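In what follows, a single structure is set out as structure tokens and then discussed.
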There are 2 protein chains.
Amino acid sequence: MGENLRTSVWDEGRVGYRTNRVYFVLFKGDLNYSSLRRSEAKALCNIDYRAPMKKPSSARRTKRRNNPDATKQDILNTATEEFANYGLSGARVDRIAKKMRTSKRMIYYYFGSKEALYRTVLEQAYAGIRTSEAETRLDSASPTEALRQLIEVTFDYEEAHPDFINLVSIENLHHARYLAKAASIRSLNIVIIKRLEDILARGRAEGVFRSDIDALDVHMMISALCFFRVANRHTFNVLFSRDLSSPRVRTHHKRMISEAVLRLLAP
Amino acid sequence: MGENLRTSVWDEGRVGYRTNRVYFVLFKGDLNYSSLRRSEAKALCNIDYRAPMKKPSSARRTKRRNNPDATKQDILNTATEEFANYGLSGARVDRIAKKMRTSKRMIYYYFGSKEALYRTVLEQAYAGIRTSEAETRLDSASPTEALRQLIEVTFDYEEAHPDFINLVSIENLHHARYLAKAASIRSLNIVIIKRLEDILARGRAEGVFRSDIDALDVHMMISALCFFRVANRHTFNVLFSRDLSSPRVRTHHKRMISEAVLRLLAP
DNA sequence: TGACATACGGACCAGATTGTACATTGACGG
DNA sequence: CCGTCAATGTACAATCTGGTCCGTATGTCA
């Protein structure tokens with residue numbers, strides 16, 4: 001390569017960091033070309049290489065406070081919003097960095113890569129809904145009332161967390177590849193199924209629920225009805241001019257969904 | 001620009017199309033830089049500009065067949081798959097080009113930009129499902145039977161077209177921004193609502209349907225239940241180990257969904 | 001107080017990706 | 001045949017973007 005290469009740099013030209021000059025090189029002998037790194041250029045051209053290094057803009061330079069936990073959570077919160085809005089490929093690390101109080105460097109310091117950050121965001125989001133469900137107590141009531149309460153909790157949570165809904169949609173577009181790597185999530189989700197099974201068993205014993213529809217079916221049905229309203233509200237609104245997030249519609253649908261599930265479960 | 005610019009080209013250098021040489025330029029006076037176009041370089045440097053032109057690799061050079069319509073449709077089909085699998089930002093124009101029988105150039109020739117291509121793909125996909133629905137005749141039967149048939153048609157179509165489902169999810173992540181630009185789509189979708197209204201009206205007249213749930217509610221419910229099974233099958237499978245696309249589950253759910261809607265509508 | 005590990009900032013690199021410049025080739029009317 | 005224009009192929013160019021280099025600051029423990 002060396003002998004096939006010739007370089008030329010302007011008079012008074014310094015090839016270096018933040019200089020006003022830009023240099024270019026020519027190759028002979030093949031179709032490929034490439035610009036040189038500064039270090040290569042330095043060696044090849046024997047240029048005075050002085051990195052000017054900015055003066056730290058003295059004025060508005062607040063004292064740095066080390067706070068690893070806050071930094072980490074700041075990154076996660078900002079990233080959740082970014083990934084939920086733009087997807088994994090659409091999300092921009094630079095944009096996350098700009099919105100944070102810290103720098104892009106820290107994303108890589110704490111999470112290693114964009115993909116790893118996405119995975120962490122996903123895990124945190126799933127943990128959110130499941131622990132929220134787990135915290136609501138509803139054992140006392142009748143099976144019918146317990147089920148209605150469970151439905152309403154799901155409805156309310158999904159209404160209140162469109163970011164989570166988006167993340168689930170996005171993850172499905174990825175064939176749940178990243179979710180599959182988060183083993184912890186699975187055990188969290190078993191809980192809600194166990195709970196549903198419990199309610200269903202009680203209802204069947206009392207003769208108020210049929211037995212050819214199992215807990216997973218019911219969970220799917222509840223999820224489907226609640227999820228769609230949030231996930232697809234934009235296309236629905238564009239196509240049919242009905243705003244699914246308006247209070248009136250929300251109240252109506254909340255009752256309707258409960259009723260649909262309960263009616264279906266009647267023997 | 002002219003006076004701030006100095007150029008240099010190698011001895012015996014021809015700056016031109018497919019030449020072995022590459023030229024570089026230096027700017028003075030500001031931080032920006034840019035390489036020159038060939039044509040600019042030609043003018044500025046007074047270089048002998050002779051485009052060498054590749055010899056057409058004689059051997060495997062099949063005769064070109066002009067076929068604009070086929071080319072266009074080839075692009076659209078390939079792009080549909082790509083966008084459905086990767087989303088708008090995740091899709092790669094180069095990857096589409098590679099899968100096609102034609103070149104990337106043609107995408108820009110016919111569609112202008114990646115985004116415009118996406119918009120066309122979206123319109124075509126929506127047109128697909130609505131015309132498919134419009135083609136099924138189901139006026140003869142009783143309201144209950146007509147509704148059941150409509151549900152099953154929707155169910156079957158969405159099962160058979162996961163690409164369409166993905167595109168809808170993707171479009172919702174974009175807040176339906178691109179769908180909103182496709183005015184034609186809206187009128188297509190009104191048709192199915194009109195049809196539902198018709199069935200509901202007949203059913204109410206016969207006293208078999210309640211009247212506090214309207215066509216849009218019913219459409220949402222049907223869509224939600226059918227859509228979720230396809231859209232969220234991956235996360236569902238990972239979390240609960242139930243394959244929603246298996247024939248057994250499909251049959252079960254198809255019946256269950258019809259029943260859920262019909263039971264809800266009963267007075 | 002000073003050494004060491006952890007936390008941090010910002011320029012900048014390298015490769016990926018969209019889009020374009022510029023050429024040739026095919027089809028078709030005259 | 002020949003001019004013209006739509007259709008097509010190839011090699012770039014411009015830019016965007018994930019990720020890293022290298023240097024500095026902060027805290028803490030002996």
Side-chain angles (χ1 to χ4, degrees), chain A residues 16-19 31-40 51-57 61-72 74-75 88-98 100-118, chain B residues 15-20 22-24 31-42 49-57 61-72 74-75 86 88-98 100-118:
Chain A
Y17 181 54
R18 245 161 165 257
T19 184
L31 287 171
N32 293 320
Y33 69 95
S34 134
S35 62
L36 296 180
R37 311 239 181 112
R38 275 198 309 286
S39 50
E40 294 169 54
M53 280 297 96
K54 63 97 193 284
K55 41 242 143 146
S57 74
R61 179 84 178 175
T62 72
K63 220 166 156 57
R64 195 179 90 194
R65 306 294 312 162
N66 278 3
N67 194 345
D69 290 343
T71 300
K72 234 170 144 170
D74 186 19
I75 294 174
L88 174 53
S89 53
R92 294 288 167 258
V93 178
D94 278 326
R95 200 159 39 197
I96 297 174
K98 207 167 292 178
M100 299 184 309
R101 284 183 301 281
T102 175
S103 73
K104 177 164 74 157
R105 179 68 187 77
M106 302 317 293
I107 293 174
Y108 291 93
Y109 185 70
Y110 283 118
F111 297 97
S113 72
K114 183 187 182 184
E115 185 188 310
L117 176 60
Y118 169 77
Chain B
V15 175
Y17 184 55
R18 249 171 158 244
T19 183
N20 292 354
V22 180
Y23 61 93
F24 288 88
L31 286 170
N32 293 320
Y33 69 94
S34 137
S35 61
L36 296 180
R37 310 249 177 101
R38 279 197 303 285
S39 51
E40 295 169 53
K42 180 189 172 190
Y49 179 92
R50 276 169 288 165
M53 278 301 89
K54 61 97 192 288
K55 41 245 141 147
S57 75
R61 179 82 179 177
T62 70
K63 218 164 158 51
R64 195 179 90 195
R65 306 293 310 163
N66 280 2
N67 195 345
D69 290 343
T71 300
K72 235 172 144 170
D74 186 18
I75 294 174
Y86 298 98
L88 174 53
S89 52
R92 294 289 166 257
V93 177
D94 276 329
R95 199 160 39 197
I96 296 174
K98 207 168 290 177
M100 299 184 310
R101 285 183 302 281
T102 176
S103 74
K104 178 167 69 160
R105 178 70 185 77
M106 301 317 294
I107 293 175
Y108 290 94
Y109 184 71
Y110 283 119
F111 298 96
S113 72
K114 183 186 181 184
E115 185 189 309
L117 176 61
Y118 169 76

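So you know, we letter chains A, B, ... as the sequences are listed, proteins then strands, and number each from 1. These numbers were taken from a predicted model, which means no experiment stands behind them.
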Item to check | Heavy-atom pair of closest approach, residues B:Ala97 and B:Ser103 | outcome: CB-C, 4.3 Å

Next on the checklist: Just the rounded figure in Å: distance from P of C:dT6 to CZ of A:Arg105.
Outcome noted: 14 Å

Item to check | Interatomic distance where CG belongs to B:Asp94 and P belongs to D:dA11 [whole Å] | outcome: 14 Å

Next on the checklist: Within the 4.5 Å heavy-atom criterion, are A:Met100 and A:Ile107 side-chain neighbours or not?
Outcome noted: yes

Item to check | Closest heavy-atom pair and its distance - A:Tyr108, A:Ser113 | outcome: CE2-CA, 3.9 Å

Next on the checklist: Does C:dC8 have OP1 or OP2 under 4.0 Å away from a side-chain N or O of A:Tyr110?
Outcome noted: yes

Checklist entry - Is any side-chain N or O of B:Arg92 closer than 4.0 Å to OP1 or OP2 of C:dT18? => result yes

Checklist entry - To the nearest angstrom, how far is B:Lys98 atom NZ from C:dT18 atom C1'? => result 15 Å

Checklist entry - Distance check: side-chain N/O of B:Thr71 vs OP1/OP2 of D:dT8, anything under 4.0 Å? => result yes

Checklist outcome for this item: Among the nucleotides D:dG18, D:dT10, C:dT17, whichever has the atom closest to the side chain of B:Ser103 is D:dT10

Next on the checklist: Any side-chain N or O of A:Thr102 below 4.0 angstrom from OP1/OP2 of C:dA7?
Outcome noted: no

Next on the checklist: On the nucleotide D:dT8, are OP1 or OP2 found under 4.0 Å from the side-chain N or O atoms that B:Tyr109 carries?
Outcome noted: no

Checklist outcome for this item: Atom CZ of A:Arg101 and atom P of C:dA7 are separated, to the nearest Å, by 17 Å

Checklist entry - Taking only residues two or more places apart in sequence, or in another chain, which ones meet A:Lys114 in a side chain to side chain donor-acceptor pair (under 3.5 Å)? => result none

Next on the checklist: Distance check needed: C:dT20 C1' versus B:Phe111 CZ, whole Å only.
Outcome noted: 18 Å

Next on the checklist: Using a 4.0 Å heavy-atom cut-off, does A:Ala91 contact any base of the nucleic acid, only the sugar-phosphate backbone, or nothing at all?
Outcome noted: sugar-phosphate

Next on the checklist: What is the distance, to the nearest angstrom, from the OH atom on B:Tyr86 to the P atom on C:dT17?
Outcome noted: 11 Å

Next on the checklist: From CG of B:Leu117 over to C1' of C:dG19, roughly how many Å is that when rounded to an integer?
Outcome noted: 14 Å

Item to check | B:Leu117 and B:Ile96, any side-chain heavy atoms less than 4.5 Å apart | outcome: yes

Checklist entry - Separation of A:Lys114 atom NZ from C:dA16 atom P, in whole Å? => result 15 Å

